[in-house]
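Below: one structure, written as structure tokens.
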Amino acid sequence: MTTARCRTDSVDRLAEGALDWLMTRLDHFDPFSAQAASAAHLPAKAALELALLCHCAARLGAAATQLAPATALVRRLWETPEILRLYTGRPAVASYYALIHAALAPPGIDDSHRRTALAGVAPDFLTPGEKTPYLRLEIRYYADKAGVRHEMEPLRDLVPHSPPVTLRAAAERDAPPLTTRDAYRLTHAAFFLGDFGHADPGLTAQGTVHARELVATVLRHCVANDLWDLAAELVLTQFVLGVDPLGDPDGAAAVDSLARAAGADGGLPGRSPELAASAADSPAEIFAKSYHTTLVTALTALTLSAARPR
């Protein structure tokens, strides 16, 4: 079997295992389940992240059968008015969550649910104001997807000020290339610019070279230090930037790292060894530590798998 075929099979197994882990723990994603009362995570945020996975997978035409229970849960939650109260109960992020909720409304759902969610978005949230270019980019992405009018500048004007273009790796030899915050801003900005791989990110040729090199530098650091969560996002970022991660040494090393970290149940234990779940943790704590890395690994693996020739 060729190396390329082995890597494709590895990605397929990674996706299947991660999805299995998520599907057997859907009650933890439900803010109204019995588990929510003792949750060690933010159930409303987790529900939005599950909706994003379902949304992206549906666009890929991937894992419809395996994801069917999650799709059904998201649809039920989006038809439950009480979920919007969970957002308003957190004023600092209420508009942000409500906008994402509207953007990720399942296909065919009564549009009144989307409109009700948008009613919870403060008008000034959709204006540039003093917001950073990164935040303006994120708001624009979800506002466009939600079909709501906003005053953010066009993408072509945001690209030159976005993290993939403006961030620079640290010069110090022993320092991480980027802070953790900046590294996630890099990946998320690429997702928004490139619509998770469905659009041209709009970078110039020089900007693309810079962004790819920066991602590779950070990815090598993540693989060397078992930073699994960020590594999974960076592999997806490579794909968004037009790199074939499975044909790239850094991307392939990251996929191998994720495959080694995955447990027998398919889940990733946490963002890194230091933040990983342990046998002494409660089920709620294990889920809180593991779910995001497992979810983003599933999304990345599904994306790569869908893009490979069969």
Side-chain angles (χ1 to χ4, degrees), residues 14 41 45 49 130-138 158-194 196-197 201-262 268-278 288-297 299-301 303-304:
L14 197 57
H41 65 291
K45 179 176 180 289
E49 290 166 334
E130 299 298 320
K131 298 178 180 70
T132 65
Y134 170 79
L135 184 55
R136 301 201 301 274
L137 171 62
E138 183 173 21
L158 285 168
V159 167
H161 307 286
S162 66
V165 176
T166 61
L167 289 175
R168 298 289 184 271
E172 296 83 355
R173 183 173 180 178
D174 296 329
L178 294 175
T179 65
T180 300
R181 177 176 178 271
D182 278 346
Y184 280 107
R185 288 172 63 234
L186 169 65
T187 61
H188 292 186
F191 299 160
F192 303 143
L193 288 171
F196 288 87
L203 277 64
T204 64
Q206 182 178 357
T208 298
V209 169
H210 167 74
R212 288 176 177 178
E213 291 178 348
L214 179 60
V215 168
T217 299
V218 182
L219 192 50
R220 287 192 290 272
H221 172 77
C222 290
V223 170
N225 292 276
D226 287 330
L227 304 179
W228 304 310
D229 192 89
L230 187 51
E233 292 204 8
L234 286 163
V235 171
L236 183 53
T237 302
Q238 283 191 310
F239 180 82
V240 171
L241 294 173
V243 176
D244 174 11
L246 298 185
D248 173 78
D250 299 315
V255 170
D256 290 345
S257 174
L258 293 170
R260 289 193 300 270
L268 278 291
R271 293 177 182 263
S272 66
E274 291 74 20
L275 300 175
S278 71
K289 293 178 180 179
S290 304
Y291 88 87
H292 185 274
T293 305
T294 303
L295 189 150
V296 74
T297 296
L299 175 56
T300 297
T303 302
L304 299 187

Quiz item: Would a 4.5 Å heavy-atom cut-off, applied to side chains only, mark P164 and L186 as touching?
Solution: yes
Exercise. Decide yes or no for H188 and E138: does some side-chain heavy atom of the first lie under 4.5 Å from some side-chain heavy atom of the second?
Key: no
Quiz item: With side chains defined as the heavy atoms from C-beta onward, is the minimum distance between P201 and V240 less than 4.5 Å?
Solution: yes
Exercise. Answer yes or no: is there a side-chain heavy-atom contact under 4.5 Å between L158 and S162?
Key: no
Quiz item: Considering all heavy atoms of both residues, which atom of A254 and which atom of V223 are nearest to each other, and what is their separation?
Solution: CA-CG2, 3.6 Å
Practice problem: With sequence neighbours excluded, give me every salt bridge (Lys or Arg N to Asp or Glu O under 4.0 Å) pair touching residues 174-183. | Solution: D182-R185
Self-check item: Donor-acceptor under 3.5 Å (S257 side chain, A253 main chain)
Solution: no
Exercise. Measure the spacing between CG of L227 and OG1 of T180 and express it to the nearest 0.5 Å.
Key: 7.5 Å
Quiz item: Which distance, rounded to the nearest 0.5 Å, do you find between the OG1 of T297 and the CG of L258?
Solution: 4.5 Å
Quiz prompt | Where G197 and F239 come nearest, the two heavy atoms and their spacing | solution = CA-CE2, 4.1 Å
Self-check item: Positive for side-chain contact (heavy atoms from CB on, under 4.5 Å) with T187, one of L230, V215, L236
Solution: L230
Exercise. List the atom of A261, the atom of L268, and the distance in Å for their closest heavy-atom pair.
Key: CB-CD1, 3.6 Å
Quiz prompt | Closest contact, heavy atoms only, A288 versus H41 | solution = CB-CB, 3.9 Å
Quiz item: Below 4.5 Å, heavy atoms only, C-beta onward: do E213 and V209 meet side chain to side chain?
Solution: yes
Quiz item: Atom CD of E49 and atom CG of L299: how far apart are they, to the nearest 0.5 Å?
Solution: 11.0 Å
Quiz item: Looking only at heavy atoms, what is the nearest atom pair of H221 and P177, with distance?
Solution: CG-CD, 3.5 Å
Quiz prompt | Shortest non-hydrogen separation from P269 to S290 and the atoms involved | solution = O-OG, 3.1 Å
Quiz item: Taking only residues at least two apart or on different chains, which pairs with a member in residues 227-248 satisfy salt bridge (Lys or Arg N to Asp or Glu O under 4.0 Å)?
Solution: D229-R271, D244-R308
Quiz item: Between OH of Y134 and CG of L167, what distance do you get to the nearest 0.5 Å?
Solution: 11.0 Å
Quiz item: Excluding sequence neighbours, so at least two apart, what forms side chain to side chain contact (heavy atoms under 4.5 Å, CB included) with P273?
Solution: D226, W228
Quiz item: Where do F196 and T303 land on the side-chain contact (heavy atoms from CB on, under 4.5 Å) test, with the steps shown first?
Solution: CA-CA 9 Å; F196 288 87; T303 302; over 6 Å; no
Quiz item: Any donor-acceptor pair under 3.5 Å linking the side chain of H210 with the backbone of R168?
Solution: no
Quiz prompt | A232 backbone acceptor or donor facing T300 side chain under 3.5 Å | solution = yes
